[in-house]
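Chain identifiers are assigned alphabetically (A, B, ...) following the order of the sequence lines, protein sequences preceding nucleic acid strands; residue numbering begins at 1 within each chain.
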Amino acid sequence: MHIPDNYLSPSTCAVMSAAMVPVWVVSVKKVKKGITKTNIPILGIGAAFSFLLMMLNIPLPGGTTGHAVGGTLLAILSGPYAACISVSIALLIQALLFGDGGILAFGANCFNMAFILPFLGYFIYKFIKDRIPTEKGELFGILIGSYVGLNMAALSTAIIFGIQPILFKNPEGIPLYSPYPLSVSIPAMTIPHLLVAGVVEALFTAAIFSFIKKVSPGMIYQGREQKTKAVYALIVLLICLTPLGLLATGTAWGEWGVDEIKDVISGGNQPLGFTPQGMENGFTFNSILPDYTLSGLPDIAAYILSAVAGTSIFLILFKVIAAFKKETFDKNSKLPSE
Amino acid sequence: MNQKYQIHPVLKVIFTFSLVILLSFSHNFAFVMTILVYTLFSLSLMKGNQILAILKISLWVSLFTFIILLPSNKYSSVMITVKVFTTVTTINMLPHSTKWSSITGAFKFFNIPDIFILVLDIAIKYIVMLGNHALQLIWALKLRSIGKNRDKYQSLSGIAGNLFIKSVEMSKEMYSAMECRGFNGKYITLEKKRLSMVDLLYMLIHIGIVILFFYIGKIVE
């Protein structure tokens, strides 16, 4: 679901980034108001979680890959505003260090995965939980919320891809950027996510939520026991699991490289046959660990290394932010979710 | 690192220096990146304000290095910046996670002569004290001067001279005070820590790093 650079026209990127600015401003304000100093590192743990889940690629029907995002999980654990910030930072690190998702397309990626996904997922969860106030109702809400959230994010990605050939063509009618119209991009993005990735996201969300509820209820309910050690153990487990993402060999739909796109077969039996102009002479950015690989290291080692690097960076980042924040003595201040 | 998981200072000193040496010899980008990630990981275990203090220095130093190296080719500018960042962070993490007395204790373990430890121990403490003293002298001079002073250098040499005399006096006094308390020039380590599981793990990681160095890195190409 990470849109690379040059798949979207610069104007689309600008519009999406502009749309994200108010969301970020409101989120930062809400989180700043409601969070205590000790809770800030939890946002870092959240970002690390989301980062690791996005590394676990799953093979999808049609030879492409997909991944869970964990946005709904973060929204349930620390509120949708905090989730928006955590996922945005995870996406930023991915774009800057690992070349996953474009720099120019950062706004669009945030719109899909850091805005639509956590907010929609959270409100569906809350809606169901308030109607059915039992344990089962909560679980049901989590499953439906995360499933719908991920699929709506996929749909939104597909729409952003799909409007490119309608809006941006050269005089001969050949698309300049992403070449597939809505009729191709929507089924190509949504069907695999509806069938597999959404289910995986829902299962992951429910499993991790139940685990945290069991071992460290303080992260969900105020004033309860909070055991971060178990949560760190979970992160270590996820880091060790990330090389499983290498089993999925295909490239995710809409994330092909410039050299690949000519031969892609999608929406019919013909390969595309041309490289869109805007992609050929587009903006390129060389990240340090492109696609989580490092020349001179085997893929699995590089993958684990990337996972550890990402996780450490999030923890450092949020610990530093917490160090800047003055100690608040108000023990009753709550996260914005309550 | 938490107080609870305090790693044996001797191990820490050995492996911090070995890490820096391996890093400076390595020509392999993969090795350097691995060490960078390892350093970031250990940094992430520290407290927020410590991380901030360490990063402040290493980020400034790396930024400076990067700007200076910009005209060179892309490979060496990235490689050297990463090396500088990692080295400075690693070295800085040592005093932030270990008490100074434990570090001098570790020096004793390596049979470094007592006179070196004494000089090092006193120098570190006195740099701060003499700095404060010099600052006080400057303030005193400023408060007492009227109008414009064209001969600033003269007063500067006065401050320096004064500082030197003061430091000689202070060192004599301190040595006498130390003798009065029974110091005979010999350093003895009182607490003998035993190796814990965390220490073994730490040793394993660092031996792994050394093996990694010889496996993927080449000292001379």
Side-chain angles (χ1 to χ4, degrees), chain A residues 36-45 47-48 51-52 93 96-98 228-229 231-232 235-236 239-240 242 284-290 292-327, chain B residues 1-2 4-5 26-59 62 66 73-75 77-83 85-86 89-90 92-93 96 201 205 208-209 211-218 221:
Chain A
T36 54
K37 193 178 160 123
T38 45
N39 270 334
I40 296 176
I42 290 177
L43 296 185
I45 295 175
F51 174 82
L52 293 174
I93 300 283
L96 287 177
L97 292 185
F98 304 106
T228 30
K229 225 185 242 174
V231 179
Y232 280 120
I235 287 185
V236 171
I239 290 177
C240 297
T242 47
T284 50
F285 175 81
N286 294 322
S287 51
I288 293 188
L289 297 162
Y292 312 101
T293 56
L294 185 59
S295 62
L297 269 191
D299 278 355
I300 292 180
Y303 226 67
I304 292 181
L305 199 70
S306 306
V308 175
T311 313
S312 309
I313 289 172
F314 297 124
L315 289 180
I316 291 175
L317 204 65
F318 283 93
K319 275 187 177 175
V320 167
I321 294 173
F324 271 118
K325 194 176 160 87
K326 285 203 184 76
E327 190 78 66
Chain B
M1 260 150 248
N2 298 336
K4 228 161 104 192
Y5 303 112
S26 179
H27 287 283
N28 189 303
F29 191 61
F31 178 77
V32 175
M33 284 304 288
T34 313
I35 302 301
L36 171 70
V37 172
Y38 169 70
T39 311
L40 285 178
F41 168 73
S42 5
L43 189 65
S44 75
L45 299 177
M46 297 179 82
K47 286 200 192 87
N49 46 1
Q50 289 178 327
I51 296 176
L52 196 64
I54 294 168
L55 278 185
K56 239 185 218 163
I57 300 170
S58 35
L59 284 179
S62 350
F66 186 68
N73 62 349
K74 196 190 152 215
Y75 173 77
S77 64
V78 172
M79 179 84 160
I80 294 176
T81 310
V82 172
K83 274 187 176 186
F85 176 83
T86 316
T89 312
T90 314
N92 253 311
M93 271 161 60
H96 272 100
L201 187 70
I205 291 174
I209 287 174
I211 294 169
L212 190 73
F213 175 80
F214 288 110
Y215 175 60
I216 59 172
K218 291 169 240 154
E221 293 207 44

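The shortest heavy-atom contact between A323(A) and G48(B) is CB-C, 3.6 Å. The minimum heavy-atom distance linking V37(B) with L305(A) is given by the pair CG1-O, 3.6 Å. S312(A) and S44(B) make their closest contact through O-CB, 3.7 Å (heavy atoms, listed as atom of the first residue, atom of the second, distance).
Note that CD1 of I54(B) is 9.5 Å distant from CD1 of I316(A), once rounded to the nearest 0.5 Å.
You'll find the side chain of L315(A) stays beyond 4.5 Å of the side chain of L45(B), heavy atoms only.
No donor-acceptor pair closer than 3.5 Å links the side chain of K319(A) to the backbone N or O of I51(B).
In L201(B), the CG atom is crowded: over 12 heavy atoms of neighbouring residues, nucleotides or ligands sit closer than 6.0 Å.
Residue contact with chain A, scored on non-hydrogen atoms closer than 4.5 Å, is absent for L36(B). Interface residue I313(A): only side-chain heavy atoms are found under 4.5 Å from chain B.
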